[in-house]
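Report on the following structure.
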Amino acid sequence: MFNKAIPRRTFMKAGGSGLLALSLGPKFLVPEAKAQTSAEPKAEVGYTFCDGCNHVPFCGIQFQHQDGLITNVEPWQGYPATPICSKGYATMQRLYNPKRLKYPMKRTNPKGSSDPGFVRISWDEAYDSIIKQINRIKEQYGPHSVFFYAGDPKEPRAAIQRLAAVYGSVNYGCESSTTCRRSAMLAEFLTYGFGTMGNLPSEETKVMLVWGTNPAYSGQPHMCHGKLMDAKERGVKFIVVDPRITPTVSTLADIHLQVRPGTTAALAAGLMHVIFKENLEDKDFCANYIHGIEELKAYVADFDPKRVEKITDVPAQLIINAARLYASNAPGGLMTNAQATTHDLNACNNHRGLLMVPAVCGYIDVPGGITKPTNPLEGMAGPWANGPPKFSMRKQRLAWSEHRLDAKYYPVWAEKIWEIQGNHIVESINEGKLKAFLGWGLNLMIWPQSHEYMEAFDKLEFTMAVDYFYRPWTHSHVDVLLPAAMNYERLAPFAVFGRTLYARTPLKPQGECREDWRIALELGTRLGHGKTCFNGDPEAACNEILKMWNLTYDDLRKALPKGVTVPAKKPEAFEKHKKGVKFGTSTGKIEAVSEVLKKHGHPALPEYKETMPTSEEYPLILVSGSRIPYITHSKWRKDSPWLLELQTEPVLTLHPKDAANRGIKQGDKISLKTQWGQIEVVAKPTVLMKEGVVGMMHGWAKANINELIPRQFDPISGYPPFKDTPCQVVKA
Ligand code: SF4
């Protein structure tokens with residue numbers, strides 16, 4: 001049963017793993033390709049992109065197919081994001097996994113039963129029951145008591161927002177607005193007035209600050225890390241901030257600041273202290289384009305490197321060296337993280353602190369620094385994953401903002417972010433404000449104290465989920481479960497890279513699976529909005545978007561394997577602030593002092609706060625959510641046995657001294673505990689981990705790390721301390 005087109009050796013090489021010793025032997029699920037003779041028709045070529053990292057779009061896949069079966073996958077040559085990694089190759093095994101959901105199902109046993117008693121139903125019956133329930137709930141409690149949610153993959157976000165709008169609910173959220181990127185984005189909006197995770201270094205860049213991210217493993221490692229390595233060869237210097245010695249640190253760092261988790265704002269204040277003290281700041285930029293620069297200077301004056309060393313564990317001399325290297329080598333770039341520095345109880349101001357370091361150096365909107373795109377694709381506002389606001393009917397939805405479920409908890413968020421902050425769903429359900437939940441790619445393990453969310457979901461009057469596989473920790477709490485088509489079977493959305501657009505060529509879905517866009521649009525159609533929801537047709541919906549650029553899906557299809565570029569209207573420009581273009585903050589400047597935070601009674605400067613002190617009982621700091629190259633979140637383990645072979649057990653990394661102090665050796669079964677819970681894991685002592693810090697990948701159903709994280713939240717962003725919770729480890 002092994003497909004010769006993807007030798008296992010190729011797959012393992014793409015995994016790039018040192019864990020092959022854990023291999024359990026082959027359990028391949030991919031149907032064997034027929035031997036091809038000259039008399040038989042040749043395989044055809046198709047194109048799609050991978051959803052393995054949950055980004056839209058990501059790596060391009062070119063596949064061959066014959067008789068409706070894929071016989072080979074390989075990187076899509078000429079597409080902006082290639083090659084593909086182990087997960088990309090494994091999408092083929094996932095596609096043909098016999099455990100895939102292939103039919104709509106409904107539960108027959110009451111919520112809370114050990115067996116939900118799911119039985120197969122038709123799409124008509126599924127849709128009828130969903131529409132009947134949400135219409136009843138609208139009638140009884142109002143439309144805002146239904147939550148619409150896009151989890152993993154992100155691809156259906158635009159269609160789900162449109163569905164929420166035609167139904168009449170403001171309450172749409174996604175995994176990014178629950179525990180991922182939006183908290184950092186909130187800090188960026190408050191500080192810079194635009195969203196950015198920084199830039200890859202350009203030819204002009206002299207020095208890079210890489211803070212809390214490990215591009216060698218996370219995101220799109222081969223693209224991003226490869227470009228950083230090229231920059232290093234060109235002579236670009238790197239300062240990497242991370243509590244661990246990651247492959248990014250070992251391959252790139254000229255200076256490694258091995259910071260204690262949760263102390264980002266203190267380290268940033270220490271760097272700025274040195275920059276101001278040694279007159280290394282960009283005086284013109286500080287004076288003219290930073291609001292609150294004098295208050296910031298006064299604040300960081302207290303953060304001399306010796307004091308910062310005590311808070312952050314970073315040696316004072318390294319802080320001085322890093323500040324000098326960064327500020328004296330203009331222009332400097334920044335590459336920061338989606339959420340690592342916001343997974344603590346000082347989330348927003350920690351992230352604001354690090355954003356101010358390049359700002360005081362004047363590295364904003366200069367070639368080689370943090371650039372603001374001059375020519376974003378017309379009609380878009382931010383990343384393509386969210387869809388064009390007009391198509392997503394964002395304005396219509398936000399007209400009902402007084403009904404947002406998050407506004408009373410996080411008013412700053414509700415003012416700046418168009419998606420609902422999803423961490424207080426438990427309270428919304430318990431207060432009777434939320435009655436139904438329609439979730440695509442929903443995962444209840446995403447939340448801290450996940451069991452509280454599971455219990456709360458059982459109290460909802462109706463829950464629907466759309467997914468690839470039955471995931472008991474989530475789907476045992478839903479009423480109707482719908483089977484989603486996978487990336488080889490979806491037409492929508494098309495891919496957008498800058499101003500270049502690419503189509504895909506889907507195959508017929510397995511079983512009765514349907515595209516997630518189609519499900520959202522068909523539900524909207526059955527609600528009586530056939531015209532607005534294109535009578536359920538994803539291609540017609542894509543054409544509605546494409547007409548903004550005078551294109552059709554067919555134009556993109558005909559151009560394959562190339563994309564179609566929408567011409568830019570004006571040349572790229574830098575330092576637009578010098579030509580009168582304001583930053584998108586309330587003062588039109590970079591805000592060291594945030595007027596929005598001040599208005600809402602929060603610290604207006606990026607202040608450091610100690611929020612989760614360790615104790616004798618819990619002397620270590622738990623960092624959860626670190627990436628490994630062959631698993632994303634809770635996906636892939638059972639979806640692709642190829643990938644499960646690479647790591648079969650939940651593993652906790654800890655420093656050898658911390659292990660030795662507890663009599664723990666490599667491979668020992670250990671108990672990891674916090675004040676809030678305890679799980680059993682396997683020990684992996686490694687010098688790559690900082691002393692006093694332990695780390696674990698999230699998403700293991702049998703050892704859910706999020707049960708150890710409290711339901712405590714940063715008062716500005718509402719984010720929990722996934723990366724800063726005191727813990728203890730003992731031999732089991
Ligand atoms: S890096 Fe791997 S998993 Fe992520 S999109 Fe690319 S091929 Fe897929």
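Every number for a ligand or one of its atoms is a count from 1 in the order of the listing.
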Under the side-chain contact (heavy atoms from CB on, under 4.5 Å) rule, collect the residues that match up with Pro509, sequence neighbours excluded.
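If we apply the side-chain contact (heavy atoms from CB on, under 4.5 Å) test to Pro509, skipping adjacent residues, the hits are Ala485, Glu489, Cys513.
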Please determine whether His55 has a backbone or side-chain N, O or S atom lying under 2.8 Å from atom 4 (Fe) of ligand 1.
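No, outside the cut-off.
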Show every donor-acceptor pair shorter than 3.5 Å between a side-chain atom in residues 46-54 and any protein atom, with sequence neighbours excluded, or say none if there are none.
residue: Thr48; atom: OG1; partner: Asn487; partner atom: O; Å: 2.6
residue: Thr48; atom: OG1; partner: Arg504; partner atom: NH1; Å: 3.3
residue: Asp51; atom: OD1; partner: Arg94; partner atom: NH1; Å: 3.4
residue: Asp51; atom: OD1; partner: Arg94; partner atom: NH2; Å: 2.8
residue: Asp51; atom: OD2; partner: Tyr468; partner atom: OH; Å: 2.5
residue: Asp51; atom: OD2; partner: Arg490; partner atom: NH2; Å: 3.2
residue: Asn54; atom: OD1; partner: Lys154; partner atom: N; Å: 2.6

Can you list the atoms of ligand 1 that are under 4.0 Å from a heavy atom of [X]?
X     : answer
Cys85 : 1 (S), 2 (Fe), 3 (S), 7 (S)
Gly88 : 7 (S)
Phe58 : 4 (Fe), 5 (S)

At less than 2.8 Å, would any N/O/S atom of Cys59, backbone or side chain, sit next to atom 6 (Fe) of ligand 1?
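It does: Cys59 brings an N, O or S atom closer than 2.8 Å to atom 6 (Fe) of ligand 1.
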Does Asp554 pair with Arg557 as a salt bridge, N-O distance under 4.0 Å?
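Salt bridge: yes.
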Below 30° counts as parallel, above 60° as perpendicular, anything between as tilted: where do the rings of Phe497 and Tyr79 land?
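Answer is perpendicular, since the angle exceeds 60°.
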In terms of heavy-atom contacts, does NZ of Lys562 have more than 12 from other residues, nucleotides or ligands at under 6.0 Å?
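No, the 6.0 Å shell around NZ holds no more than 12 heavy atoms from other groups.
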